[in-house]
Structures are given as structure tokens and as C-alpha cells.
Amino acid sequence: TVVVHRRPATRKVVVVHESRPAPLVVERTRTVVVETPSRASSDGGGAEAENTSYWSDRQLLGVGLRMNGVALQGQKIHLSTLENPVMWGPGLTFSGRVAPRWDLEIAADFLSGRSQDFSQRTVPVTLSGLFLLLPDSTITPYGVIGGGVHFTQLSYGNGLFVHDITEFGGHLGAGIKLRLGRDFAL
């Protein structure tokens, strides 16, 4: 920095030089720490653990096999008092987490049953919402609500008369998921 002063009486110019010390440069090494959120404890772990882990630590998409049993009441087309036998069969599900406590599930099942000279085959295709009571626990109880379309074939007289119908229905229930590992549950 240069400062110039003039004195009016002598008309002499005085130049003063000020010197500053050179800037000091300090270099520091930078350490970056990346932490993976740990699983919340089985007691729920609080809201913060739930919100930080449900996308990173939970399933985004699940594929499952299941076995179903169904007991219905009533008559379908009033041709037999044996309509709606107890039916059993396998199913395939696709599910995914849509919120910290909600799963959405799409399922298709193949159910069949027989009662004397009557048989019924039903393929229900359903969409369900599962409300998870303890989403981060090893044992997760849940409530389920949903509905769908049932494609049904009724066979009377050991196959002498066959009738196909399409039914719409809803369901409400409960269940338990048992997590056996990070990527596997029953």
C-alpha cells in the first residue's frame, strides 16, 4: 500500500511505503466418513430410525409364494347346495414398501375344491394394502385390506355342466411376517 502526503508549506512530497506480511496458507487434509445406517432395534427404534432406514434397509420389491385356504358360504348360481367348497391352492405375490408402515401387494392365486359331484376352481387377482404394526421387527404382525377380481369355474355333475363366472370381492384380515434374514421372510 502506498500513501502519499503533501505538506502545503514545503511542497515536498513524502512517500511512505507500508509493508504487510505475506499471507499464510494452511493446507489441511480432508477426511470423509460415510456411515451406513444400522438396523433399528426390534423394539421399533423410534421415528428417526424408522424414517432413515425404510428405503435403505427394507425391501423395495418382494416376490413371494404362498399357500391359501378359503372357506366361503352361499350359492353362486343356485344349482347345488354344495357350491363354495373349502378350497386350497398356491399363490404368487409381488409386494413393495410404499410408506414406513405400509406395503402394497399384488397377488394371483389358484384355488380349487371339490365336494361330492361339484368342483370349483377360482383364480383371484387382488390388490391389498398391508399395515405393518412393527415394521422393523423380526416378527411383524400386520393387518390387510384389499379387493380384486375372481375368475371362477363351477363344474356340476362331475363335469357334465360347467359354468364360468367373474366375481368382484374384498377382503380384510391379519397376518404375521417372520423375517429370517435381510432378504428372506415367511
Side-chain angles (χ1 to χ4, degrees), residues 39-40 42 44 50-51 53-186:
R39 284 183 194 246
S42 63
E50 182 178 327
N51 289 337
S53 68
Y54 89 93
W55 286 120
S56 61
D57 195 33
R58 313 290 341 132
Q59 70 176 23
L60 292 180
L61 177 65
V63 177
L65 296 174
R66 65 184 183 184
M67 184 58 101
N68 291 302
V70 178
L72 303 171
Q73 292 182 349
Q75 294 180 342
K76 300 228 182 274
I77 57 174
H78 307 290
L79 294 179
S80 173
T81 58
L82 302 173
E83 292 177 351
N84 287 319
V86 173
M87 296 185 292
W88 297 92
L92 179 65
T93 66
F94 296 94
S95 63
R97 183 72 39 98
V98 295
R101 291 188 175 269
W102 283 96
D103 279 0
L104 193 62
E105 177 183 83
I106 298 172
D109 301 298
F110 179 80
L111 306 172
S112 64
R114 176 175 284 289
S115 178
Q116 295 180 8
D117 69 340
F118 172 79
S119 67
Q120 177 176 341
R121 286 192 309 236
T122 300
V123 178
V125 178
T126 59
L127 177 64
S128 305
L130 283 74
F131 180 73
L132 310 172
L133 297 176
L134 302 169
D136 293 323
S137 177
T138 301
I139 298 173
T140 304
Y142 63 88
V144 61
I145 186 167
V149 179
H150 296 199
F151 303 99
T152 301
Q153 182 181 67
L154 307 172
S155 176
Y156 299 90
N158 291 321
L160 294 176
F161 177 73
V162 176
H163 185 73
D164 294 320
I165 59 175
T166 302
E167 303 171 292
F168 298 93
H171 56 270
L172 179 66
I176 294 176
K177 285 186 184 182
L178 175 62
R179 191 166 51 174
L180 300 176
R182 178 174 164 87
D183 298 320
F184 187 73
L186 293 176

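Aromatic ring centres of Phe118 and Tyr156: separated by under 6.0 Å.
In this structure, Ser95 contributes its side chain and Leu104 its backbone to no donor-acceptor pair below 3.5 Å. Looking at Arg101, its side chain does come within 3.5 Å of a backbone N or O of Leu132 through a donor-acceptor pair.
The minimum heavy-atom distance between Ala174 and Val144, with the atom names listed, is N-CG1, 4.0 Å. Scanning all heavy atoms of the two residues, the minimum distance from Met67 to Pro90 falls at SD-N, 3.7 Å. What you find for Gly113 and Met87 is that their closest heavy atoms are N-CG, 3.7 Å. When all heavy atoms of Leu111 and Pro124 are compared, the pair lying nearest together is CD1-CG, 4.1 Å. Annotation for Asp109 and Gly91: closest pair OD1-CA, 2.9 Å, computed over non-hydrogen atoms. Contact detail for Arg97 and Pro135: the closest heavy-atom pair is NH1-CB, 4.3 Å.
By the 4.5 Å heavy-atom criterion applied to side chains, Val125 and Phe151 are counted as neighbours. The shortest distance between side-chain heavy atoms of Leu178 and Thr138 falls below 4.5 Å.
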Report the C-alpha separation of Leu134 and Ile139 in whole Å, then their side-chain angles, then the decisive distance to 0.1 Å, and conclude whether the side chain to side chain contact (heavy atoms under 4.5 Å, CB included) test is met. CA-CA 8 Å; Leu134 302 169; Ile139 298 173; over 6 Å; no
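No side-chain donor from either of Gln153 and Ser155 sits under 3.5 Å from a side-chain acceptor of the other.
How far CD of Glu105 is from CG of Leu127: 9.0 Å, rounded to the nearest 0.5 Å. Taken to the nearest 0.5 Å, the CG atom of Asp103 stands 9.0 Å off from the OG1 atom of Thr140. Separation of atoms OG1 (Thr126) and NE2 (His150) is listed at 7.0 Å; rounding is to 0.5 Å.
More than 12 heavy atoms of other residues, nucleotides or ligands lie within 6.0 Å of CG in Leu133, so this atom counts as buried by the packing criterion. Taking a 6.0 Å sphere around CD1 of Ile176, one finds it holds 12 or fewer heavy atoms contributed by other residues, nucleotides or ligands.
With sequence neighbours excluded, the residues satisfying side chain to side chain donor-acceptor pair (under 3.5 Å) with Ser128 are His171.
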